[in-house]
Amino acid sequence: MTNKKETGLDAMAGDGGYKEAYLADILRTKMKRDGKRFWAGDNISDYVNEDMKDILIVEATEAFEKVLDTLLIDRETDPNSKGTARRLAKMYFNEIMAGRYETPPDCTAFPNDSEDRYEGMLVVRSELRSMCSHHHQPVSGVAYIGIIAAEKLIGLSKYTRIAQWCARRGTLQEELCVVIADAIMKATGSKDVGVYIQATHGCCENRGIMAHSSLTQTTVLHGAFKTDPSVKKEFMDNIKLQQDWAPR
Ligand SMILES: [Zn+2]
């Protein structure tokens, strides 16, 4: 295995034990001890740095090799299956679940407190790629993020960066909607936030009911979006305007 000393966590595995211990086991023990939740949709970047990620990819490769062996796939002579275990390990850590291990996007906030501050509604459409935590099947869709700016503004691209950071984990669409709204509120300081997600789910399309045209919609509303019907209507009208315009 890769050198565990680099992680600074060798002491946790006990005397003489670290060489045999898997980093994943050590980190899980540490998170349990700290009472840190590590569900599929949780960000655990406080516990995993870049060096550790490389070690975890090596460990996950070994584990995926076992899965392929159990599936009776010949990864020794099948040229297409030779590097699959490592490809899967890298894909999970660096792509489809990257939002679990990456720190939150850096969102520089600009003041919005002068006389000519923007007081209207802002609606941003963000492409989403996620994965259902039940079957690890793809979830593809768009999020419409609505906000009434408070005393600071973040760059437009940051809304999408935040949404994608939340999405690239194992999620449920309902949960994802809540998590994105919370992250936007945190980054912008606004209490008036709405998030609407429209997505297709691999677990309905590729398995189970095999429904190729199924579409799921979820909405989470906070502040004025929830309490003021005219704000909610403006948000929904804006989504409709975007949908009429945007390629689907
Ligand atoms: Zn599923």
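This structure is a prediction, so every number in the text was calculated from the model and none was measured. Throughout, numbering of the chain's residues begins at 1 and tracks the sequence. Below, all heavy atoms of this structure are taken into account, side chains as well, without hydrogens, waters or symmetry copies. When a ligand or atom number is given, it counts from 1 through the structure's own listing order.
Its side chain within the 4.5 Å cluster rule, Val178 clusters with Val220 among the Ile, Leu, Val, Met, Phe, Trp and Tyr residues. Under the 4.5 angstrom side-chain criterion for Ile, Leu, Val, Met, Phe, Trp and Tyr, Val179 has no cluster partners at all.
A donor and an acceptor atom, one from each side chain of Gln242 and Tyr144, are nowhere located under 3.5 Å apart. Between the side chains of Gln198 and Gln243, at least one donor N or O sits under 3.5 Å from an acceptor N or O.
In summary, the aromatic rings of Tyr47 and Phe38 are positioned with their centroids too far apart to meet the 6.0 Å limit.
For the Zn ion (ligand 1), protein N/O/S neighbours under 2.8 Å (waters excluded) are Cys132 SG, His135 ND1, Cys203 SG.
The salt bridge (charged side-chain N to carboxylate O under 4.0 Å, His left out) contacts involving residues 150-162 comprise nothing, where partners must be two or more places apart or lie in separate chains.
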